[in-house]
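What you see below is based on every heavy atom in this structure, not just the backbone, and it leaves out hydrogens, waters and symmetry mates. Here, residue 1 is the first one in the sequence, and each next residue gets the next number.
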Amino acid sequence: METVNAVRGGACSAREVVTACLARIEAIDQKLHAFLSVDGERALTEADRVDGALKRGDALGPLAGVPIAVKDNLCTTFGCTTCGSRMLESFQSQYNAHAVDRLQQAGAIIVGKTNLDEFAMGSSTENSAFFATTNPWDGSRVAGGSSGGSAAAVAARLVPGALGSDTGGSTRQPASFCGVVGLKPSYGRVSRYGLVAFSSSLDQVGPITRDVRDTALLLKVIAGHDPRDSTCVDLEVPDYLKGLEKTSRPIRVGVCSRDFGDGLHPEVESAVNRAIETLASNGAEIVPVDLPHVKYGLACYYLVATAECSSNLARFDGVHYGRRTPTPTNIADLYERSRGEALGPETQRRIMLGTFALSTGYYDAYYLKALKVRTLIRNDFDRAFDKVDVIASPVTPTTAFRLGDKTDDPLAMYLSDVYTITANLTGHCAVSVPCGVDSNGLPIGLQFVGPAFQEQRLLSIAHQYQSATSHHTAAPPCASAN
Ligand code: GLN
């Protein structure tokens, strides 16, 4: 991140950096709608604090003066945490998410909260109750989702980095649609404390940045043990940035021996195949791997995710949190109308699907079966990782689709997650990096999936790919406008 050195070296002050960032947001975000809220005044006060520390010669954190955007399902004590929902339109958190605290301790300046599909359910950010985010490369197309606001903000150069959350692809898919890098850390690598839960066994917080170096920098800051999330592991956090340059032995890249499946656009397929050839010509060994149960991934995901969502979202009942219908006639009416009025159609659909899957008589047939399939999928990947360091694949079957194209067809929308959801089911780490553009000039992403807690190796392989190519340096036209 150039900003880090610029502020540290005195080339510019943190106030100047933040002022320029706010001006860009002001100029460009009216069209993009990446932000749900921007808090300029607080950001400038924070910037002054960094400048003061610099002047006094105090030790500075690794992100001193760097403006960062945060997805609006991460709790912050400042502003609202809406989750893109009418339910939490005016909800103010009493505490910061762990990842937010870590960013601030590292000197980062959080400039605003970004748009998302309601409660992070969706693949296009069109399920936001407030507005859809548009793709910086083409304003008639979606930015992807659910962290569409974070990906669009980074791609349009409004901020150098952002946080998203990834339950089934929500950092990687929008990163791919917007031509930036998105990471889903291994389950347990980053604390979920203060991340509003969608599906607790799948959710992870992850960075979205312009290149792999910046992803490594952000991951180092947010990763590590936090006793407030019992699933967050107590494992040492390596210096991911330093680790990028290490090339101990030749890389072994797995490629699924069955083809990438139906529905894959030929232009995406050929870009991914070209990327694999590039890896091979740079010395990687390409190894076919068999993942026989991956074809059940989507069905399995949409049972586990909806079941957990129906349970997690039960807390939004008009009593404990968020919107309460003004004139309830009795308690059942209070629940029904508060939820009915304040939750959008996709959220309601998922709650109903999940409630169904967990009901007596269906639990064994659906939910339990899905858990068994989940284990089979994890075993497939673990077996493959005996032979390879990472598995390469597309991130999404197509490039960014048009706004409104899939809003009436939930199944078509769900299919855009077909390559990303497995890493959430298995808990492995996965990253999406730009690997070209299609004939409309829209970015295409390449996904690497690595074994659990092997982010160091995963990122160094992604970095090697980026060092051999220049796709990540392409910027959308609005990035140079001001
Ligand atoms: N698009 C997927 C879904 O709708 C994943 C969302 C996410 O990762 N938060 O569930």
Quick one: list whatever passes side chain to side chain donor-acceptor pair (under 3.5 Å) with [X], sequence neighbours left out.
| X | answer |
| --- | --- |
| E346 | R349, R350, Y414 |
| D386 | none |
| T133 | N115 |

Restricting to salt bridge (Lys or Arg N to Asp or Glu O under 4.0 Å), what partner residues turn up for [X], sequence neighbours left out?
| X | result |
| --- | --- |
| D39 | R42 |
| D382 | none |
| D117 | none |
| D226 | R228 |

Just by modelled atom types, is the [Y] backbone N or O under 3.5 Å from a matching donor or acceptor in the [X] side chain?
| X | Y | result |
| --- | --- | --- |
| R141 | N135 | no |
| T125 | G144 | yes |
| S85 | T82 | no |
| T45 | E41 | yes |
| R374 | L425 | yes |
| Q92 | T81 | no |
| S281 | T278 | yes |

Decide yes or no for [X] and [Y]: does some side-chain heavy atom of the first lie under 4.5 Å from some side-chain heavy atom of the second?
| X | Y | result |
| --- | --- | --- |
| T76 | S93 | no |
| V253 | I391 | no |
| L44 | L22 | yes |
| L158 | L32 | yes |
| D166 | L183 | no |

Exercise. Hey, mind stepping through V111 and I68 against side chain to side chain contact (heavy atoms under 4.5 Å, CB included) and telling me if it holds?
Worked result: CA-CA 6 Å; V111 290; I68 299 281; over 6 Å; no

Shortest non-hydrogen contact between [X] and [Y], atoms and distance:
| X | Y | answer |
| --- | --- | --- |
| N424 | G169 | OD1-N, 3.8 Å |
| A462 | V433 | CB-CG1, 4.1 Å |
| P394 | V268 | CB-CG1, 4.1 Å |
| S123 | D417 | OG-OD1, 3.1 Å |
| L403 | G139 | CD1-O, 3.6 Å |
| R157 | A479 | CG-CB, 3.6 Å |

Exercise. Do F198 and F119 have ring centroids that are under 6.0 Å from one another?
Worked result: no

Exercise. Under 4.0 Å between a Lys/Arg side-chain N and an Asp/Glu carboxylate O for E277 and R274?
Worked result: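 No, this pair does not count.
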
For [X], which residues count as a ring-ring contact (aromatic ring centres under 6.0 Å, His included) partner, sequence neighbours excluded?
| X | result |
| --- | --- |
| F131 | H33 |
| F78 | none |
| H428 | F381, F385 |

Problem set entry | Evaluation steps, side chain to side chain contact (heavy atoms under 4.5 Å, CB included), between M87 and R323 | CA-CA 5 Å; M87 181 58 89; R323 197 188 136 87; 4.1 Å; yes

For this session: Kindly compute the distance separating OG (S467) from CG (D211), expressed to the nearest 0.5 Å.
Result: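 Rounded to the nearest 0.5 Å, the OG-CG separation comes out at 9.5 Å.
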
For this session: Check the surroundings of atom CD in Q105: do more than 12 heavy atoms from other residues, nucleotides or ligands lie under 6.0 Å from it?
Result: yes

For this session: Show your reasoning for whether side chain to side chain contact (heavy atoms under 4.5 Å, CB included) applies to K31 and C478.
Result: CA-CA 10 Å; K31 278 205 200 125; C478 68; over 6 Å; no

Show me the side-chain donor-acceptor pairs of residues 231-240 shorter than 3.5 Å, one per line, residues at least two apart or across chains.
unit_1, atom_1, unit_2, atom_2, d
T231, OG1, Y187, OH, 3.4
T231, OG1, R192, NH2, 2.8
T231, OG1, D229, OD1, 2.6
T231, OG1, D229, OD2, 3.4
D239, OD1, L241, N, 3.2
D239, OD1, K242, N, 3.2
Y240, OH, R189, NH1, 3.2

Quick one about [Y] and [X] (side-chain donor to acceptor, distance below 3.5 Å, no hydrogens or angles considered), yes or no?
| X | Y | result |
| --- | --- | --- |
| S201 | E308 | yes |
| K184 | S432 | no |
| S165 | S170 | no |
| D101 | Y193 | no |
| S416 | T396 | no |
| T209 | D214 | no |
| S128 | E118 | no |

Could you list the donor-acceptor pairs under 3.5 angstrom formed by side chains in residues 440-454, with sequence neighbours left out?
unit_1, atom_1, unit_2, atom_2, d
Q447, OE1, R172, NH1, 2.8
Q447, NE2, S393, OG, 3.2
Q447, NE2, Y419, O, 2.9

For this session: For side-chain hydrogen bond (donor to acceptor under 3.5 Å, both in side chains), just list the numbers for D72 and S37, CA-CA rounded to whole Å, side-chain angles, deciding distance to a tenth of an Å, and then say yes or no.
Result: CA-CA 9 Å; D72 208 19; S37 56; 5.2 Å; no

For this session: Run the numbers on T399 and D438 for side-chain hydrogen bond (donor to acceptor under 3.5 Å, both in side chains), then give the verdict.
Result: CA-CA 8 Å; T399 52; D438 70 5; 2.8 Å; yes

Problem set entry | Steps toward side-chain hydrogen bond (donor to acceptor under 3.5 Å, both in side chains) verdict (K71, T114) | CA-CA 5 Å; K71 186 176 181 177; T114 54; over 6 Å; no

Problem set entry | Cation over ring face, K113 and F35, 6.0 Å, 45° | no

Exercise. Can you list the steps and then say if L54 with L60 is a side chain to side chain contact (heavy atoms under 4.5 Å, CB included)?
Worked result: CA-CA 7 Å; L54 191 65; L60 288 182; 3.1 Å; yes

For this session: Quickly, which of I109, V7, D51 forms a side-chain contact (heavy atoms from CB on, under 4.5 Å) with R15? Name it, please.
Result: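 Passing option: D51.
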
